[in-house]
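Please read the structure below before turning to the comments.
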Amino acid sequence: MKTSYWTRMCENCGHGRLVLQHDITNHRIYVHCEDCEMGWLRAADQADVGKGFLAMLGDFGSVDPTFDEIARSEWVDHVCGSFDK
């Protein structure tokens, strides 16, 4: 079973969790909403809808990051919870 981590509820739709993802193409951690598919590249921007992007239109591959990968990123202090997939 794979564990996913999330940071907060989405400011865009108001009901999806912002789930951490590892962009394996550009080697970065970002969040995207499990409901509306909006994404944010920087932890400081995740509450600003205007700084988001539609993650499903991105030209990159992504996977669930491990907690070790998250711990080495700017997102580590923003993790609010986890869930098993």
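All figures in this text were calculated on a predicted structure; none of them were measured in a lab.
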Heavy-atom closest pair, residues Gly16 and Cys13: N-SG, 3.4 Å
Rounded distance [0.5 Å steps], CD in Gln46 versus SG in Cys33: 11.5 Å
Interatomic distance, Thr3 atom OG1 to Phe67 atom CZ [nearest 0.5 angstrom]: 11.0 Å
Minimum-distance pair of heavy atoms, taken over all atoms of Asp23 and Thr25: OD1-N, 2.9 Å
From CZ (Arg28) to CZ (Arg42), nearest 0.5 Å: 12.5 Å
Linked, directly or transitively: Tyr5 and Trp75 (ILVMFWY side chains, under 4.5 Å): yes
Atom of Cys36, atom of Asn12 and distance for their closest heavy-atom approach: SG-ND2, 3.3 Å
Same apolar cluster: Met9 and Met38, side chain cutoff 4.5 Å: no
Side chain proximity check, Phe60 to Gln21, heavy atoms < 4.5 angstrom: no
Interatomic distance, Ser62 atom OG to Tyr30 atom OH [nearest 0.5 angstrom]: 3.5 Å
Test applied, side chain to side chain donor-acceptor pair (under 3.5 Å); reference residue, Asp64; option that passes from Lys2, His22, Lys85: Lys85
ILVMFWY network linking Val19 to Ile29, side-chain heavy atoms under 4.5 angstrom: no
Common cluster, Val31/Leu57, ILVMFWY with side-chain heavy-atom separation under 4.5 Å: yes
Distance in Å, Arg17 CZ paired with Cys80 SG, rounded so as to fall on 0.5 Å steps: 11.5 Å
Closest heavy-atom pair and its distance - Cys10, Trp40: SG-CH2, 4.0 Å
Distance (rounded to the nearest 0.5 Å) between His32 NE2 and Glu37 CD: 4.5 Å
Hydrophobic cluster identity match, Met56 and Leu20, side-chain contacts under 4.5 Å: yes
Glu34 side chain near Trp6 side chain, heavy-atom distance below 4.5 Å: no
